[in-house]
Amino acid sequence: MAKIFCVANQKGGVGKTTTTVNLAAGLGKIGQRVLMVDLDPQGNATMGSGIDKRKLKLSVYDVLLESASVAEVRVRSEKCGYDVLGSNRELAGAEVELVDLDHRDQRLKQALAKVADEYDFILIDCPPSLSMLTLNGLCCAHGVIVPMQCEYFALEGLTDLVNTIKQVHANLNKDLQIIGLLRVMFDPRITLQQQVSDQLKSHFGDKVFNTVIPRNVRLAEAPSYGLPGVIFDPSARGSQAFVEFANEMVERIRKM
């Protein structure tokens with residue numbers, strides 16, 4: 001049975017999509033069966049997995065509206081080594097259409113339950129806002145992976161996210177918890193980043209992943225080639241860090 005994780009942060013531009021596709025590729029590299037779900041209408045995780053969102057005949061939009069199953073919609077990214085439940089601009093309309101439907105926050109959960117036995121990990125790339133799409137992701141997840149930069153404003157955004165997770169846990173999904181905080185785009189030469197990193201570790205303890213993802217040009221270049229950094233340049237420091245993170249995730253799940 002797959003473990004389902006949302007990659008979420010209510011602050012934009014913190015590397016959620018980069019984290020999702022590179023963790024998926026890293027897990028694939030170490031022999032895990034992975035489904036990556038793109039819940040962001042921008043479709044960046046879809047494009048970053050080598051799938052052209054403009055050519056999708058079916059997308060996660062069809063899954064949420066129950067006009068197609070996950071098995072019908074998913075696409076194999078042979079280059080990346082994992083399956084993709086892609087998205088495109090159509091998904092923006094799902095927000096409005098879901099409002100009047102029954103079980104509107106449980107639709108993704110019900111759809112993924114039918115394929116959960118086929119995967120070890122299902123990773124969900126969430127939009128930066130607390131929307132009906134994000135809520136669908138949080139309602140079906142066993143936990144949340146929070147990528148964050150070690151900057152002052154990131155700490156404020158983290159407080160909002162923790163409160164959201166508590167509310168969803170209390171009212172909609174008793175399984176939901178923060179699996180861990182992943183420090184991304186980290187530059188140890190910057191004193192403030194080191195200070196914020198220390199604050200995170202002192203406050204959240206073992207909820208902070210040991211792996212740190214460095215600021216890395218090759219990771220930033222990879223999306224323009226439609227690939228995760230782990231596949232685009234496996235020897236880059238950032239890519240190696242994500243494979244290390246994938247191994248840490250597998251170890252953490254074994255202990256849960």
Side-chain angles (χ1 to χ4, degrees), residues 1-8 16-17 20-21 23-24 27-28 32-53 55-77 80-145 164-165 168-169 171-177 179 253:
M1 183 69 78
K3 287 289 184 183
I4 304 174
F5 299 112
C6 285
V7 180
K16 288 187 297 297
T17 299
T20 307
V21 298
L23 176 56
L27 287 166
Q32 301 294 306
R33 300 169 302 161
V34 182
L35 172 66
M36 193 283 296
V37 181
D38 190 352
L39 267 191
D40 192 330
Q42 292 182 78
N44 291 337
T46 304
M47 297 290 279
S49 300
I51 307 294
D52 190 341
K53 64 183 179 184
K55 294 180 180 176
L56 290 175
K57 291 185 172 67
L58 296 168
S59 71
V60 70
Y61 168 85
D62 299 286
V63 172
L64 291 172
L65 293 182
E66 297 181 349
S67 58
S69 67
V70 173
E72 292 170 316
V73 175
R74 65 187 170 190
V75 180
R76 181 72 179 173
S77 176
C80 302
Y82 55 85
D83 289 350
V84 177
L85 200 58
S87 84
N88 50 32
R89 286 180 186 170
E90 275 191 344
L91 189 56
E95 290 281 346
V96 178
E97 293 176 61
L98 283 170
V99 170
D100 296 324
L101 300 179
D102 294 334
H103 313 296
R104 58 183 179 270
D105 52 11
Q106 302 290 328
R107 298 233 159 179
L108 186 61
K109 181 177 182 177
Q110 292 165 359
L112 291 178
K114 295 171 185 173
V115 297
D117 289 338
E118 299 174 38
Y119 298 100
D120 300 306
F121 287 87
I122 297 176
L123 303 177
I124 303 171
D125 185 37
C126 292
S129 58
L130 180 59
S131 60
M132 187 55 66
L133 296 173
T134 304
L135 203 55
N136 261 274
L138 293 174
C139 282
C140 69
H142 296 108
V144 182
I145 298 165
T164 297
I165 290 168
V168 175
H169 172 83
N171 299 304
L172 297 167
N173 180 3
K174 298 297 183 191
D175 292 333
L176 191 67
Q177 58 177 308
I179 298 299
I253 297 321

(request) Please step through side-chain contact (heavy atoms from CB on, under 4.5 Å) for the pair L23 and V34, ending with a clear verdict. (result) CA-CA 10 Å; L23 176 56; V34 182; over 6 Å; no
(request) Report the C-alpha separation of N173 and L138 in whole Å, then their side-chain angles, then the decisive distance to 0.1 Å, and conclude whether the side-chain contact (heavy atoms from CB on, under 4.5 Å) test is met. (result) CA-CA 8 Å; N173 180 3; L138 293 174; 5.9 Å; no
(request) Start with the C-alpha gap between E66 and R107, add the side-chain angles, then the distance that decides, and say whether salt bridge (Lys or Arg N to Asp or Glu O under 4.0 Å) holds. (result) CA-CA 8 Å; E66 297 181 349; R107 298 233 159 179; 3.6 Å; yes
(request) Dump the intermediate steps for side-chain contact (heavy atoms from CB on, under 4.5 Å) on T164 and T134, then the final yes or no. (result) CA-CA 11 Å; T164 297; T134 304; over 6 Å; no
(message) Determine whether S69 and K114 satisfy the following criterion, side-chain contact (heavy atoms from CB on, under 4.5 Å), listing intermediate values before the conclusion.
(response) CA-CA 9 Å; S69 67; K114 295 171 185 173; 5.7 Å; no
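Going from atom CG of L85 over to atom CG of L123 covers 12.5 Å, rounded to the nearest 0.5 Å. Within the model, atoms CZ of R33 and CD1 of I122 stand 10.0 Å from one another, a figure rounded to the nearest 0.5 Å. In this structure, NE2 on H103 lies 6.5 Å from CD on Q110, to the nearest 0.5 angstrom.
Checking each of V84, L112, I4 against L35 for a side chain to side chain contact (heavy atoms under 4.5 Å, CB included) leaves exactly one that passes, namely L112. Of the residues D125, T20, L108, the one that meets the side chain to side chain contact (heavy atoms under 4.5 Å, CB included) test with L39 is L108.
Taking 4.5 Å as the limit, every side-chain heavy atom of T17 sits out of range of all side-chain heavy atoms of Q42. For the pair L64/L91, a side-chain contact is recorded, criterion being any heavy-atom separation below 4.5 Å from C-beta on. Side chains of V144 and C126 form no contact here, defined as non-hydrogen atoms less than 4.5 Å apart. Contact annotation: the side chain of L133 approaches that of P41 to within less than 4.5 Å [non-hydrogen atoms, C-beta and beyond]. Using a 4.5 Å cut-off on side-chain heavy atoms (C-beta onward), L56 and I51 make contact. No side-chain heavy atom of K16 sits less than 4.5 Å from a side-chain heavy atom of D40. Counting heavy atoms from C-beta outward, L27 and D120 have side chains that stay 4.5 Å or more apart. With a 4.5 Å cut-off on side-chain heavy atoms, V115 and D83 do not count as touching.
Pairing each heavy atom of K109 with each of C139, the nearest pair is CD-O, 3.6 Å. Smallest separation of non-hydrogen atoms from V63 and A111: CG1-CB, 3.4 Å. In terms of heavy-atom proximity, E72 sits nearest to L58 at O-CD1, 4.0 Å. Of all non-hydrogen atoms in A141 and L176, the two that sit nearest each other are O-CD1, 3.8 Å. Closest approach of S77 and S49 over heavy atoms only: OG-O, 2.6 Å. Nearest heavy atoms, M1 versus A116: SD-CB, 3.3 Å.
Relative ring orientation between F121 and F5 is described as tilted, the plane-to-plane angle lying within the 30° to 60° band.
Defined by atom type and a distance below 3.5 Å, a donor-acceptor pair is present between the side-chain atoms of T46 and D38.
Residue R89 qualifies as open at atom CZ: its count of foreign heavy atoms under 6.0 Å is 12 or below.
Side chain of S59 to backbone of Y61: a donor-acceptor contact under 3.5 angstrom is found.
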